[in-house]
Amino acid sequence: MKIKIKPVKKIVGDITVPGDKSISHRALMIGSLAMGSTKIEGLYLESDDCNYTAQAFRDMGINIREEGDITIVDGKGLHGLKKPGNPLYVGNSGTSMRILAGILAGQNFESTITGGAGISARPMKRVVEPLSMMGVKIRAKDGEYPPLTIAGGKVRPIIYKNLIASAQIKSAILFAGLYAKGNTRVVEPVKSRDHTERMLKYFGAKIKIEDDRVSVRGGGELKARSLRIPGDISSASFFMIAATLLKGSRVKIRNVSINPTRAGILKVLSMMGSDIRIINKKKGFEPAADIVIKHSRTHGITITKDMMPSIIDELPVIFVLASLSEGITVIEGAGELRVKETDRIASMRNGLKAMGAGFRVKGDNIVIEGIGRLKGADLQSFGDHRTCMALAVAALTAEGDSEIEGAESVSKSFPSFFDMLFKLTSA
Ligand code: S3P
């Protein structure tokens with residue numbers, strides 16, 4: 001599906017973005033493995049990815065139901081899942097596939113996780129390797145690609161020094177560790193998003209969290225809890241950057257997750273000179289706040305590799321901001337972007353260059369030279385939701401109309417994105 005985007009003058013309004021996708025996946029997973037009924041407010045079941053996770057657990061005998069705004073997961077305990085009748089299908093959700101692999105490692109049945117065409121080239125060795133070290137019999141196509149077949153059973157504890165800062169890998173190991181006798185530890189080069197360990201702890205797992213390392217003791221039981229999932233900062237980032245770029249804009253986004261391992265975008269925006277205020281901070285198992293952002297002039301900065309995990313999903317729209325900021329922005333060590341839903345360095349380079357941006361790639365580094373205005377163009381999402389939404393923001397600021405091919409991709413994380421965006425715009 002193609003979407004036409006006309007430039008607008010500003011965006012103004014007060015919005016609430018859908019619940020955090022990463023936390024929603026974990027709530028479904030941990031709720032299913034806990035004993036009793038977990039009540040979840042703000043779970044984002046409308047997104048394709050979270051729906052695939054929910055369906056996978058339904059296929060393993062878990063009852064997941066909605067009562068008004070609340071989702072109830074009737075968990076059956078760590079050993080309560082039943083062998084699915086068919087391969088578990090997770091569409092294009094890499095998060096579902098990788099983390100589920102860790103959970104299935106501990107079950108006393110064999111299962112297969114398969115997905116759509118879009119996931120067929122996503123790297124899986126990163127979870128196959130540590131899980132194999134834990135004694136799990138796990139097979140991937142050519143040792144690397146989906147589908148994954150896992151003969152669950154005995155799991156050994158390990159200490160895993162991960163070379164990639166990835167929450168999906170860390171989570172797969174921690175979930176498998178729940179089924180191991182003894183302590184399983186993951187050490188990361190830079191701490192990745194910590195939603196799994198926070199939530200496991202909240203549900204009663206024996207977890208120890210230190211800076212860049214986390215360990216879990218196997219055995220024990222998870223107990224059902226009630227939780228409220230805050231808005232997704234990755235979804236909020238498109239509005240934050242559109243508001244920064246468009247003169248006269250002011251947007252308030254309520255109840256957004258500001259977990260420090262996720263909220264690097266707030267730091268980047270401040271460093272670039274954005275007018276942003278974080279108000280009404282709320283503590284909880286996941287911290288949240290309201291964000292108020294107004295237009296301001298921004299300038300280029302250097303974003304170092306250690307910041308990558310906390311902004312990995314926001315980088316496409318940060319490229320848009322950098323393209324329209326004064327001076328040069330350098331982004332170091334962004335290589336992980338190449339293995340997301342598409343190669344997001346290539347997809348964003350393609351779109352932004354078509355719009356006239358100064359975008360250069362040097363190995364894993366990106367150098368963007370800001371210009372005064374982008375021009376409207378025919379753009380491609382390459383089937384990637386975040387490329388699509390980032391280019392939509394670019395198109396709003398451009399001179400002349402744009403069209404984006406593959407706009408249906410937004411349903412992966414944010415089906416109501418365009419409705420929400422167009423409600424905020426004024427020509
Ligand atoms: C996610 C972790 C990140 C992120 C993805 C969701 C998660 O991937 O890009 O959108 O929910 O754990 P990596 O941990 O593999 O970098």
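The first residue in the sequence is number 1, and the count goes up from there. Just follow the structure's listing: the first ligand is 1, and inside any ligand the first atom is 1.
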Non-hydrogen side-chain atoms of M348 and L352 separated by less than 4.5 Å: yes
May I ask you to test the E67-I72 pair for a side-chain heavy-atom distance under 4.5 Å? yes
Distance alone, cut at 3.5 Å: any donor-acceptor contact between the side chains of N365 and E332? no
Can you pull the residues with any heavy atom under 4.0 Å from ligand 1? S22, R26, T95, S166, A167, Q168, R193, I312, D313, K340
For the pair H79 and Y179, evaluate ring-ring contact (aromatic ring centres under 6.0 Å, His included) and give the outcome as yes or no after the intermediate values. CA-CA 9 Å; H79 298 281; Y179 295 90; 5.4 Å; yes
More than 12 foreign heavy atoms under 6.0 Å from NZ of K206: is that the case here? yes
List the residues meeting side-chain contact (heavy atoms from CB on, under 4.5 Å) with Q380, not counting sequence neighbours, and say none if there are none. F382, E405
